[in-house]
**Student:** 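Before I ask anything, let me first share the structure, which is written out below as structure tokens.
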Number of protein chains: 8
Amino acid sequence: MSKEIRSDLYKRLNKDDAVVLLVDHQTGLLSLVRDIQPDQFKNNVLALADVAKYFNLPTILTTSFEDGPNGPLVPELREIFPDAPFIARPGQINAWDNEEFVAAVKATGRKQIIIAGVVTEVCVAFPALSALGEGYEVFVVTDASGTFNDITRNSALQRMQAAGAQLTSWFAVAGELHRDWRNDVIGLGTLFSNHIPDYRNLINSYIRASASK
Amino acid sequence: MSKEIRSDLYKRLNKDDAVVLLVDHQTGLLSLVRDIQPDQFKNNVLALADVAKYFNLPTILTTSFEDGPNGPLVPELREIFPDAPFIARPGQINAWDNEEFVAAVKATGRKQIIIAGVVTEVCVAFPALSALGEGYEVFVVTDASGTFNDITRNSALQRMQAAGAQLTSWFAVAGELHRDWRNDVIGLGTLFSNHIPDYRNLINSYIRASASK
Amino acid sequence: MSKEIRSDLYKRLNKDDAVVLLVDHQTGLLSLVRDIQPDQFKNNVLALADVAKYFNLPTILTTSFEDGPNGPLVPELREIFPDAPFIARPGQINAWDNEEFVAAVKATGRKQIIIAGVVTEVCVAFPALSALGEGYEVFVVTDASGTFNDITRNSALQRMQAAGAQLTSWFAVAGELHRDWRNDVIGLGTLFSNHIPDYRNLINSYIRASASK
Amino acid sequence: MSKEIRSDLYKRLNKDDAVVLLVDHQTGLLSLVRDIQPDQFKNNVLALADVAKYFNLPTILTTSFEDGPNGPLVPELREIFPDAPFIARPGQINAWDNEEFVAAVKATGRKQIIIAGVVTEVCVAFPALSALGEGYEVFVVTDASGTFNDITRNSALQRMQAAGAQLTSWFAVAGELHRDWRNDVIGLGTLFSNHIPDYRNLINSYIRASASK
Amino acid sequence: MSKEIRSDLYKRLNKDDAVVLLVDHQTGLLSLVRDIQPDQFKNNVLALADVAKYFNLPTILTTSFEDGPNGPLVPELREIFPDAPFIARPGQINAWDNEEFVAAVKATGRKQIIIAGVVTEVCVAFPALSALGEGYEVFVVTDASGTFNDITRNSALQRMQAAGAQLTSWFAVAGELHRDWRNDVIGLGTLFSNHIPDYRNLINSYIRASASK
Amino acid sequence: MSKEIRSDLYKRLNKDDAVVLLVDHQTGLLSLVRDIQPDQFKNNVLALADVAKYFNLPTILTTSFEDGPNGPLVPELREIFPDAPFIARPGQINAWDNEEFVAAVKATGRKQIIIAGVVTEVCVAFPALSALGEGYEVFVVTDASGTFNDITRNSALQRMQAAGAQLTSWFAVAGELHRDWRNDVIGLGTLFSNHIPDYRNLINSYIRASASK
Amino acid sequence: MSKEIRSDLYKRLNKDDAVVLLVDHQTGLLSLVRDIQPDQFKNNVLALADVAKYFNLPTILTTSFEDGPNGPLVPELREIFPDAPFIARPGQINAWDNEEFVAAVKATGRKQIIIAGVVTEVCVAFPALSALGEGYEVFVVTDASGTFNDITRNSALQRMQAAGAQLTSWFAVAGELHRDWRNDVIGLGTLFSNHIPDYRNLINSYIRASASK
Amino acid sequence: MSKEIRSDLYKRLNKDDAVVLLVDHQTGLLSLVRDIQPDQFKNNVLALADVAKYFNLPTILTTSFEDGPNGPLVPELREIFPDAPFIARPGQINAWDNEEFVAAVKATGRKQIIIAGVVTEVCVAFPALSALGEGYEVFVVTDASGTFNDITRNSALQRMQAAGAQLTSWFAVAGELHRDWRNDVIGLGTLFSNHIPDYRNLINSYIRASASK
């Protein structure tokens with residue numbers, strides 16, 4: 001066994017070094033997402049947004065061609081982040097090709113990128129690969145990113161992983177950032193309750209059972 | 001071809017003759033539901049509840065053993081129907097074996113039963129079969145009823161259908177009760193938007209596109 | 001064994017007695033269809049349309065709220081049937097509640113209804129059940145009808161079957177109407193080749209192999 | 001709506017009129033079962049056995065060719081029912097063709113048959129159809145019966161249902177026989193806890209939460 | 001409970017009254033079959049053929065357009081039944097529309113039809129429905145019949161069942177015809193061993209274990 | 001975190017350095033493809049071809065044994081690329097073993113290979129691995145490549161990825177080559193509309209909504 | 001071919017150097033597990049526990065917030081390891097952030113970590129990554145770890161593998177530790193028999209067959 | 001782009017340097033295989049065996065505990081390789097721990113190992129990892145190796161790949177060894193025809209079509 005300490009093996013999210021990129025969650029493009037059931041996908045995206053907001057992570061919104069069939073940004077995201085930088089790209093498919101977008105990322109001074117978007121192999125993979133090439137740590141939120149089918153999803157995820165991206169989920173992002181429940185039990189519990197029906201049920205069962213004694 | 005008119009072939013829901021029975025959607029029992037993904041199931045149940053409320057259908061809530069592992073009624077349902085009859089059954093597994101429950105149904109004077117519950121083959125099937133036996137028309141909301149797996153679900157649905165039940169979904173119930181969009185376009189559209197992410201996207205895309213002209 | 005002849009057991013499609021109803025295949029509503037993969041569903045719908053055209057079946061188009069989020073009729077259908085009755089319903093959810101629509105059906109003088117639409121449990125099931133109640137034979141083209149998921153599809157199909165509908169597919173409709181390949185080998189073969197990739201491959205392989213001798 | 005009372009619509013299990021038939025759950029034949037995952041199938045079969053024992057239902061065991069590749073009866077079943085009639089059929093494929101077996105059924109004086117076995121389309125379907133033909137009510141425990149794949153299962157279940165069988169599950173059988181939790185809360189709860197991991201978890205969570213107050 | 005004896009509830013196959021119809025298992029058409037995996041489908045079809053041969057059932061082969069892209073009858077079937085009536089239909093899509101085919105069926109004097117073919121909703125369903133209409137008992141071998149997908153298969157099977165067909169599998173056909181293993185243990189065992197890998201393994205394990213004592 | 005810039009992490013497609021290889025999309029071999037539904041697979045292959053044509057990428061066609069059961073190249077591909085090099089290999093299974101094929105690739109002077117074919121683990125994997133070994137960047141279009149089942153597909157894709165291939169889809173290839181919608185909105189939009197039914201619907205809904213204002 | 005010997009390629013479990021970590025298998029959290037069927041998951045977890053016990057591996061139990069909705073440790077695990085270190089973490093989400101937990105691991109002096117838990121991407125992945133970073137060999141028991149769905153599971157497993165973890169199953173762990181059946185045929189056979197129904201059937205068939213000679 | 005030639009990227013099978021290891025395909029153990037349908041798995045294993053025989057590859061058979069519930073080697077394999085080394089291991093779980101087995105491998109003088117077995121994560125993975133550690137190239141035939149479910153399969157395959165194994169299929173092995181159809185068209189075509197029903201159909205269709213000219 002290798003006895004050496006490899007402190008780089010665990011790329012660990014740090015709430016003081018992470019920025020969230022939500023790419024092209026637009027009302028039209030969402031109809032292309034066929035690898036995750038719609039109720040579940042909507043919940044995952046909003047959960048990730050709530051995680052970003054809960055941890056006060058700088059968050060950057062971007063869309064492609066809002067004034068066309070792609071449709072506007074999902075209104076809920078705009079409401080959650082009314083003050084976030086919002087770059088409506090005039091044409092660049094890879095958000096990282098948009099100078100304003102990259103400038104917004106760099107302005108945060110953060111080096112860990114949490115990214116999700118539609119569709120996975122384009123709107124997520126291209127900026128993720130670009131950012132990896134520039135030395136960022138990239139965390140792909142796989143369950144808040146959608147695409148046409150399992151084949152296109154797996155191909156996109158494997159391509160990003162091969163380039164060094166960390167594959168994760170909105171729930172893992174929340175846990176990794178929070179570190180310790182004692183930092184805020186109510187806050188994190190509420191967040192989970194709002195986005196995990198099974199967890200909400202556990203809480204409600206627990207409250208009743210505790211009271212029934 | 002049979003030329004005769006069979007006016008009885010289409011059992012058609014009528015908002016003046018329908019009553020909704022929500023059976024055992026309890027926080028504990030919901031963890032048993034494994035034939036529908038949790039986000040989707042939660043949405044379906046709340047959608048059916050909103051349909052009932054929207055059409056002012058008399059609605060009856062019932063639970064089994066709230067003060068035990070089955071857990072309390074899902075709080076959202078209680079909030080949507082604060083004034084509905086709520087029969088916490090002391091032990092009867094088939095809600096129809098509970099006199100108070102049957103009395104509540106009969107008190108509505110209605111003859112069309114819309115029913116959903118957990119788990120399908122017990123909490124839905126038993127009262128559905130009992131009601132059919134007493135001459136009610138029964139509409140099983142299959143996507144707001146949950147059970148262990150596909151085999152138990154299909155067996156339960158086939159048993160009820162063989163006895164004369166109509167298999168339907170919350171969306172079909174809404175459409176069948178509403179009859180004509182002109183009765184209230186905004187109301188029904190809002191209901192659909194709240195529970196069908198794809199439909200909400202259509203609306204938001206439409207609003208943007210209309211405005212962009 | 002029952003020896004009696006039951007000529008009514010086989011409801012057999014007859015090209016001189018059939019009319020095709022295409023209900024609410026609208027560009028917006030199609031994003032709700034999640035029980036069939038999009039490429040496959042598009043092909044099935046256009047294949048049914050081509051079958052209707054090939055057999056010169058009277059065909060009736062109808063939509064619900066074209067001027068809204070539901071979107072317009074899929075343009076390809078309008079192009080295939082430029083002269084077909086096209087009833088843009090002002091609000092009726094069940095097309096059979098629209099007098100103009102029923103009048104169009106009755107004007108054909110036909111008693112066999114071939115129906116497909118979006119979504120299955122509403123736009124197909126309601127008029128299908130209404131038509132059954134008035135003595136029509138109803139053939140539901142299950143693979144050209146779409147809905148949210150397997151549960152809602154199966155519930156809708158079982159409800160219609162229980163009321164007497166025949167469940168069929170676009171390919172079976174074509175075969176049942178054609179009766180004998182000798183009526184037009186090239187025509188039916190072309191239709192199949194255009195909508196069944198495997199069949200097109202068979203033909204191309206055959207042509208090459210025959211020529212290679 | 002049909003107002004008439006149809007007391008025959010609900011074939012309801014009665015613990016004083018039911019007999020359980022466990023057909024050919026043999027160690028060899030179980031390797032043929034591919035439509036249910038093995039851990040789940042084993043649990044379902046033993047759960048049904050425990051239900052039979054719990055309600056003191058007369059239970060009849062039968063096997064086909066124990067002294068050959070089909071293998072012996074699953075030992076657990078023999079242990080649960082050490083005194084049950086056990087008919088090792090010398091050759092009859094349909095257990096109902098075995099006079100001793102039918103005699104054992106008739107000796108119980110019961111008219112409701114609860115049946116499960118391996119494989120569904122043969123060892124369950126044949127005696128089920130025979131019994132229906134002789135006027136018995138037949139309840140097929142679909143999740144305690146196994147076969148090669150979904151197609152063979154569904155075909156078998158539909159054949160039996162068309163002949164009048166009730167499709168049910170071991171959990172529904174338990175609920176239908178018990179009628180009222182108050183008859184024995186601990187007993188039924190223990191049975192469920194032993195065979196439904198999710199239910200056991202609910203109980204353990206409840207106990208802890210109640211105690212934690 | 002209904003006490004009456006309904007001897008007609010169990011349509012039971014009888015080897016002296018059954019005829020097997022294998023419809024359009026052609027090398028080209030088989031590429032259309034996408035609802036069953038090819039190795040499995042090939043095995044099921046050949047297993048049914050071996051069952052027919054084993055029980056000396058009169059068997060009728062038919063094809064549609066052999067001299068075209070549909071391709072010839074699968075050679076193995078021709079080899080198994082070198083002397084069977086083989087009707088290469090000149091054009092009739094429903095084999096029952098071919099007088100020679102019907103004459104061949106009637107010449108057998110048998111009233112139970114066992115049928116399988118490609119594709120299910122056309123080549124099986126049409127003659128099955130025609131035969132039912134003429135008073136035959138029809139047994140559809142669902143796992144030896146193939147079609148495009150699950151939706152088309154289920155629609156076809158439900159249509160046939162609604163008209164009175166019995167849904168079965170090749171294995172159930174074998175068991176129902178054989179009635180008693182003692183009629184020929186080796187013969188039936190060999191047949192199963194040749195077509196059920198799990199059963200062959202059971203036999204080989206048994207032989208070894210018996211010898212190892 | 002690694003701060004270094006790794007410009008090699010993102011292998012980015014460049015329309016001036018890419019060549020497309022379409023390997024063995026033959027009418028016979030396509031019947032072997034069972035891991036993607038036929039309508040979807042046909043669409044994916046033609047979409048990739050249209051992408052190649054749209055970007056004027058040099059494209060090379062090759063087949064194996066056209067004059068035999070493998071069948072000819074799918075005619076649509078020949079029509080899209082009437083002037084492309086077309087190497088009908090006399091026997092080499094790995095196209096890269098064919099000198100004429102490799103010469104055609106080298107003649108383009110390009111170093112990025114976009115490859116798709118049938119079947120994935122042979123006709124795609126072998127030349128892809130060979131090209132990687134010679135220093136080419138290889139982009140495997142996973143959804144335009146087909147094989148027997150998920151196991152063989154995943155094994156093939158993992159083998160290629162482990163050797164350095166980029167896994168991608170036809171849609172990602174289009175987006176990566178185009179870089180900016182402003183280069184040609186109509187052109188790319190039309191391409192997407194022709195091959196993504198959901199996208200065509202978005203466009204048609206948008207046009208109608210914009211006009212309806 | 002590389003001829004060099006790479007003794008480090010096979011990270012091989014050694015029963016004298018392995019420690020088992022069971023993380024957060026709590027009665028509440030188990031309701032979140034939706035990627036493995038409950039009967040199967042329960043069996044896998046208990047099987048891993050029995051393996052740990054059988055090989056006398058030091059085993060460490062830990063939970064997060066037992067006195068809340070997460071619920072207590074599954075009682076069966078506590079019973080199997082009554083004397084094992086049991087760290088009820090006061091708040092740390094990553095067990096490796098808990099000093100007592102890490103101390104317990106280090107106290108064993110072992111360098112191979114076998115880990116399983118709920119949910120995979122948090123309770124397993126975080127400590128696994130931390131341990132890899134400190135030079136431990138980590139073996140993830142994938143089938144005794146559960147999470148929300150396939151996407152979150154695969155993302156978590158790929159993240160761990162990319163950091164050097166070995167992906168394995170409880171059965172592989174048992175085989176890799178045992179090395180040679182002759183070390184204890186009865187013991188290992190019993191363990192397998194208790195947790196693999198198919199294996200139990202093999203044994204019972206074998207015993208009967210051996211005896212029948 | 002990296003311009004360097006990396007001749008090591010493509011580990012290419014060579015019929016003069018490959019040896020085939022078939023590990024524990026025993027009649028009992030096969031009942032444990034649940035990740036591939038039995039007809040398909042049997043075919044894949046026999047296809048690999050036929051490939052080995054066709055290319056005259058040295059082949060080594062091994063089993064574990066034949067004289068017990070694991071059962072004997074599948075007889076067909078013994079028949080195909082009557083003269084192959086056959087090591088019935090007395091107890092070693094990892095075949096590579098058996099000196100006789102390793103000696104047999106080394107006696108072939110070959111450095112490329114083609115391996116398949118039951119179950120994948122033990123009988124395949126252990127010797128594969130051991131062989132990789134000793135400098136062999138290892139090719140895992142994933143579709144001729146079976147295990148309990150998708151999770152255990154994928155974990156095993158990823159573990160082997162991470163250690164450098166090539167994942168492949170029996171069909172890819174055949175193609176990679178054969179290199180050029182002209183080496184023997186009839187031989188390879190026959191092999192494919194015997195194990196790929198779709199390919200056999202292509203050949204039969206081709207023969208008929210060619211003759212029909």
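Convention: sequence-line order gives letters A, B, ...; per-chain numbering from 1. Side chains included, hydrogens not; waters and symmetry mates left out as well; all remaining heavy atoms used. Just so it is clear, the structure is predicted and the values come from calculations on it, not from any experiment.
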**Student:** Testing the basics here: between Ile93(B) and Leu188(D), what is the closest heavy-atom pair and its distance to 0.1 Å?
**Tutor:** CD1-CD2, 4.2 Å

**Student:** Between Gly175(D), Pro197(D), Gly164(D), Ala165(D), which has the largest tally of heavy atom pairs under 4.5 Å with chain B?
**Tutor:** Gly175(D)

**Student:** Under 4.5 Å from any heavy atom of chain B, what part of Val140(D) do you find: side chain, backbone, both or neither?
**Tutor:** neither

**Student:** To the nearest 0.5 Å, what is the distance between CH2 (Trp170(D)) and CD (Glu121(B))?
**Tutor:** 9.5 Å

**Student:** Would you kindly say whether Asp67(B) and Tyr206(D) are connected by a side-chain donor-acceptor distance under 3.5 Å?
**Tutor:** no

**Student:** Can you name the nearest heavy-atom pair linking Gly28(B) to Leu202(D), along with the distance?
**Tutor:** O-CD1, 3.3 Å

**Student:** Using side-chain heavy atoms (C-beta onward) and a distance below 4.5 Å, is Thr147(B) in contact with Phe171(D)?
**Tutor:** no

**Student:** Let me confirm one number: the CG-CG distance from Asp198(D) to Leu30(B), rounded to the nearest 0.5 Å.
**Tutor:** 11.0 Å

**Student:** Is the shortest side-chain N to carboxylate O distance from Asp97(B) to Arg12(D) below 4.0 Å?
**Tutor:** yes

**Student:** Over all heavy atoms of both residues, which pair between Ala172(D) and Phe126(B) is shortest? Give the atoms and the distance, please.
**Tutor:** O-CZ, 3.3 Å

**Student:** Against chain D, work out which of Ala128(B), Gly68(B), Ser130(B) has the most heavy-atom pairs shorter than 4.5 Å and name it.
**Tutor:** Gly68(B)

**Student:** If you look at every heavy atom in Leu9(D) and Ala163(B), which pair is closest and at what distance?
**Tutor:** CD2-O, 3.5 Å

**Student:** Taking the side chain as everything from C-beta on, heavy atoms only, tell me whether Trp181(D) gets closer than 4.5 Å to Ser64(B).
**Tutor:** yes

**Student:** Between Arg34(B) and chain D, with a heavy-atom cut-off of 4.5 Å, which part of the residue counts as in contact: side chain, backbone, both or neither?
**Tutor:** side chain

**Student:** Roughly how far, to the nearest 0.5 Å, is CG of Asn154(B) from CG of Asp150(D)?
**Tutor:** 9.5 Å

**Student:** Cut-off 3.5 Å, side chains only: do Thr142(D) and Ser155(B) have a donor facing an acceptor?
**Tutor:** yes

**Student:** How many angstroms lie between atom CG of Asp180(D) and atom CZ of Arg89(B), to the nearest 0.5 angstrom?
**Tutor:** 9.5 Å

**Student:** For a side-chain contact (heavy atoms from CB on, under 4.5 Å) with Pro69(B), tell me which candidate from Ile207(D), Asn201(D), Ile203(D) qualifies.
**Tutor:** Ile203(D)

**Student:** Say you draw a straight line from NZ of Lys11(D) to CG of Leu129(B); how long is it, rounded to the nearest 0.5 Å?
**Tutor:** 11.5 Å

**Student:** Determine the minimum heavy-atom distance between Gln158(B) and Leu167(D), stating which atoms define it.
**Tutor:** OE1-CD1, 3.0 Å

**Student:** What part of Glu176(D) gets within 4.5 angstrom of chain B, counting heavy atoms only: side chain, backbone, both, or neither?
**Tutor:** both

**Student:** Counting only heavy atoms closer than 4.5 Å, note whether Asn98(B) contacts chain D via side chain, backbone, both or neither.
**Tutor:** neither

**Student:** Once rounded to the nearest 0.5 Å, what's the spacing between atom CD of Gln40(D) and atom CG of Asn149(B)?
**Tutor:** 5.0 Å

**Student:** Which heavy atom in Arg182(D) sits nearest to a heavy atom in Pro90(B), and how many Å separate them?
**Tutor:** NH1-CG, 3.3 Å

**Student:** Heavy atoms, side chains only, cut-off 4.5 Å: are Leu132(B) and Tyr10(D) in contact?
**Tutor:** no

**Student:** Quick one: what part of Phe192(D) sits under 4.5 Å from any heavy atom of chain B, side chain, backbone, both or neither?
**Tutor:** neither

